[in-house]
Structure formats: C-alpha cells, structure tokens
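Encoded as structure tokens, the structure appears first; notes follow it.
Model, not experiment: these values are computed from the prediction. Throughout, residue positions are numbered sequentially from 1 according to the sequence presented.
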Amino acid sequence: MHVGTQQFSTSDQDLEYLARHGVFNKNENNFTFHRDYGWDVAELVAKKETCARFGIEMEMVALPMAQFHTSGEGVPHFMQGEYEEGDREIELIINMVRQVAEAGIPAIKYYLCALENQRTASLPPGRGGSVYSTWDLEKADADTPRYAEPVTAEENWRRITYFLERVIPVATECKVRMACHPCDPWLPPGFKGVDRVMGGFDGFKQFIEICPSDYHGVNLCLGCMAESVEDPLNEVPDIIRYLGSRNKIFLVHFRNIVGKRNKFQEVWPDEGVMNMHRNMQALKEVGYPHMCVPDHAPGHKDPHSMRQAWAYEFGYIQAMIQAVMDDTDRKSTRL
C-alpha cells in the first residue's frame with residue numbers, strides 16, 4: 001500500500017515535484033488518443049521510462065472515456081445503447097488493453113456511466129476560503145431528461161454487462177487489471193430519467209459478480225462511497241472489507257466529505273465525517289497492495305493553489321499509511 005497520484009504530467013518539473021513529496025507511483029492519463037487505434041505503444045513506453053528516471057512507477061493508465069463518442073459527448077455510444085458505434089468503441093478499448101499490456105503497464109482505470117457526474121453551486125466557502133465541490137439534490141434539476149427515453153436499471157446493467165463480457169476476457173488474457181470507478185454521485189432512481197446503478201456499494205457488489213476474473217475489479221472512491229450512504233463513518237470501512245477481502249480493489253481514491261447521501265461537500269481529508277485512519281486500517285486488514293491517491297482537492301485563491309493542495313494531501317495519505325503499518329512493513333527511505 002502506497003501513496004500515488006492521478007494528476008500531473010510527465011514533465012521533469014512535475015516528476016521532480018512528485019518525487020520531492022514521496023510520490024513514486026502514478027496513474028497516467030496524458031496520452032495522445034487516436035480514434036482509429038487508441039494509443040501509440042511507443043508513447044506509453046516513453047512516458048513510462050521518463051517516470052522511471054525519477055524513480056516513479058507508471059502503475060496504471062486511464063481510458064479516455066469522455067473521448068470515445070464520435071460527437072464529443074461524455075457518454076460513449078455503448079453506454080447509450082447505440083451498438084453500431086458502440087461495438088467500434090469496445091473494439092478500440094480492447095486494442096488499448098492490448099497496447100497497455102505490450103507496454104508493460106499492469107492496470108487501467110475507467111468508468112461505466114450512462115449519465116455524467118453531477119454537482120451544484122459550491123457556496124459557502126470552507127476553512128481559509130476553500131472552495132468545496134458540492135452536491136445538494138434539492139437544488140439540482142432532477143426532472144429534465146438526459147435522453148428521449150428513460151434508462152431503466154435493467155437496461156443500464158445490460159449495457160454494462162455487454163461491455164464487460166467483451167473486455168474482461170481480453171484483460172484477463174493480457175493480465176491487465178481493470179479498475180472501474182463509481183458514477184459520482186449516487187442518485188435516486190429516475191434522476192433525469194436514468195436509473196444510475198453504479199453510484200454506490202450495492203452496484204459494486206453486483207458489478208464484481210459479472211465476468212468473474214482476478215483482473216476485474218474496482219477503483220474504490222471512498223468519497224463516492226460516503227456520498228452513497230447514510231452513515232459514512234461506520235459504513236465505509238465495511239465496504240472496504242467486503243471488496244478488499246475479495247481482492248477486488250485495484251485503486252483507492254482517499255478523500256473525505258461533510259454530509260451524506262444527497263447532500264455533501266468534498267472537504268480536506270482531516271475535517272470530514274469519515275475517520276480516515278479507520279479507513280486506512282481497513283485497507284491494511286484486507287492486505288490492499290496498490291495506490292491510495294488524492295482524487296480531488298479543494299481549491300483556494302492563493303497562487304499555485306493546486307500544488308499546495310496536492311502536497312497537503314500526499315503528506316496526509318503518507319502519514320496515514322505509516323500510522324497503520326508496522327515498522328517492518330514500511331517502505332525503506334529512498335536515498
């Protein structure tokens with residue numbers, strides 16, 4: 001278990017910043033996307049080798065899910081039930097899985113959502129003028145349909161299963177772990193005419209039973225799990241234990257919220273409703289071996305605000321890992 005990141009480029013400046021803050025594992029998403037064939041293996045390898053020069057492992061890459069739709073929509077054709085174009089998207093993703101394997105990268109992050117992520121206005125500001133990503137169902141437009149026809153839970157699962165039955169066997173053959181992120185946030189059935197099925201733990205429980213494979217798992221966002229339940233403090237550690245005991249967690253987003261289902265703000269990790277030390281203990285209990293990354297961070301008005309925020313969150317995660325690990329389990333200091 002180790003701190004990682006899914007932000008920053010592979011420039012010397014960014015990689016030095018990561019190494020300086022003890023971040024030696026990376027989920028990379030800055031690759032040139034070619035609609036005809038996906039990625040260039042040479043670019044994957046080159047950026048992986050660039051990271052290695054700074055002692056950083058490219059542990060995972062992210063599929064550009066928002067770029068697959070030919071009209072530029074954020075939801076791919078196959079998740080809209082449009083299988084003529086959707087089959088081409090899936091074949092392209094299969095090719096990208098093979099490219100990742102050829103480049104020697106062990107894991108891919110992605111998501112399967114029929115509806116884009118939802119947020120409302122971020123006022124009021126938080127501590128020190130922090131700006132928090134916010135969701136308040138009562139202030140959202142729940143009634144304007146996303147599509148001409150409703151998307152039922154049954155139909156949503158049909159589309160997800162269609163994708164998994166084609167992609168997971170290839171990922172298994174290539175030994176590439178596929179980590180699916182939840183849809184953010186959890187939404188009540190019928191929101192904008194869509195039954196969102198992958199917004200919380202119940203969806204993940206069903207999801208991991210489709211196409212059983214050691215390479216089929218989840219990107220467990222602790223923030224999203226907290227946003228989907230009524231008692232984040234006590235429910236999220238049990239979610240970690242359920243999925244982790246089945247070796248289904250391939251990436252952890254380590255963030256906190258104030259609030260619960262239907263009304264929350266994404267806050268600094270030490271001020272939310274979850275006890276992040278308890279969450280880290282649960283990850284240790286199940287032997288979680290991969291990255292814990294700061295998924296999102298509050299904004300603020302100071303120059304270089306995001307670099308400040310990530311540095312704070314990297315240090316927080318590293319300290320939490322050290323707090324739950326025995327001395328013999330800790331990574332040795334790099335010289």
May I ask you to decide if [Y]'s main-chain N or O and [X]'s side chain share a donor-acceptor pair within less than 3.5 Å?
X	Y	answer
Gln99	Tyr37	yes
Ser228	Met225	yes
Asn256	Val267	no
Thr50	Thr10	no
Tyr288	Met291	yes
Lys26	Cys51	no
Gln7	Asp295	yes
Arg196	Pro188	no
Tyr147	Ala114	yes
Lys47	Ala42	no

Decide whether [X] and [Y] meet the rule of one side-chain donor and one side-chain acceptor closer than 3.5 Å.
X	Y	result
Gln281	Asn279	no
Glu82	His77	yes
Glu89	His69	no

(request) Take Glu73 and Gln80 through the test side-chain hydrogen bond (donor to acceptor under 3.5 Å, both in side chains) and record every step on the way to the result. (result) CA-CA 11 Å; Glu73 293 188 30; Gln80 297 190 38; 3.0 Å; yes

(request) Please confirm whether Trp268 and Tyr312 have ring centers closer than 6.0 angstrom. (result) yes

(request) Compute the ring centroids of Tyr242 and Phe201, then answer whether they are less than 6.0 Å apart. (result) yes

Can you confirm if the NZ or CZ of [X] lies within 45° of the ring axis of [Y] and under 6.0 Å from the centre of its six-membered ring?
X	Y	result
Arg166	Tyr162	yes
Arg307	Tyr17	yes
Lys109	Tyr111	no
Arg261	Trp186	yes

Taking C-beta and beyond as the side chain, do [X] and [Y] meet within less than 4.5 Å on heavy atoms?
X	Y	answer
Asn219	Tyr110	no
Thr5	Asn27	no
Asp12	Arg53	yes
Glu266	Ser122	no
Val273	Leu233	no
Met60	Gln6	no
Phe207	His216	yes
Leu115	Phe191	yes

Does the distance from a Lys or Arg side-chain N to an Asp or Glu carboxylate O, for [X] and [Y], drop under 4.0 Å?
X	Y	result
Glu227	Arg255	yes
Asp184	Arg119	yes
Glu154	Arg158	no

Could you tell me whether [X] atom [atom1] has more than 12 heavy atoms of other residues or ligands within 6.0 Å of it?
X	atom1	result
Glu138	CD	no
Lys139	NZ	no
Asp270	CG	yes
Asp143	CG	no

Closest approach of [X] and [Y], non-hydrogen atoms and distance?
X	Y	answer
Met274	Leu222	CE-O, 3.6 Å
Gly203	Met198	O-SD, 4.0 Å
Asp136	Thr120	N-OG1, 3.0 Å
His34	Leu92	O-CD1, 4.1 Å
Ala140	Trp135	CB-CH2, 3.3 Å
Val167	Ile94	CG2-CG1, 4.1 Å

Please determine whether residues [X] and [Y] belong to a single hydrophobic cluster, defined as Ile, Leu, Val, Met, Phe, Trp and Tyr linked transitively by side-chain heavy-atom distances below 4.5 Å.
X	Y	value
Val252	Val324	yes
Ile240	Ile317	yes
Val258	Val236	no
Phe250	Phe24	no
Ile168	Phe204	yes

(message) I need the single residue from Phe68, Phe163, Tyr83 that forms a ring-ring contact (aromatic ring centres under 6.0 Å, His included) with Phe78. Which is it?
(response) Phe163

(message) Does Asp302 form a side-chain hydrogen bond (donor to acceptor under 3.5 Å, both in side chains) with Ser305? I'd like the steps, not just the answer.
(response) CA-CA 5 Å; Asp302 284 1; Ser305 60; over 6 Å; no

(message) Between His253 and His296, is the ring-ring contact (aromatic ring centres under 6.0 Å, His included) condition met? List the steps.
(response) CA-CA 8 Å; His253 286 171; His296 304 160; 7.2 Å; no

(request) Check the pair Asp195 / Thr152 against side-chain hydrogen bond (donor to acceptor under 3.5 Å, both in side chains), numbers first and verdict last. (result) CA-CA 5 Å; Asp195 289 345; Thr152 64; 5.4 Å; no

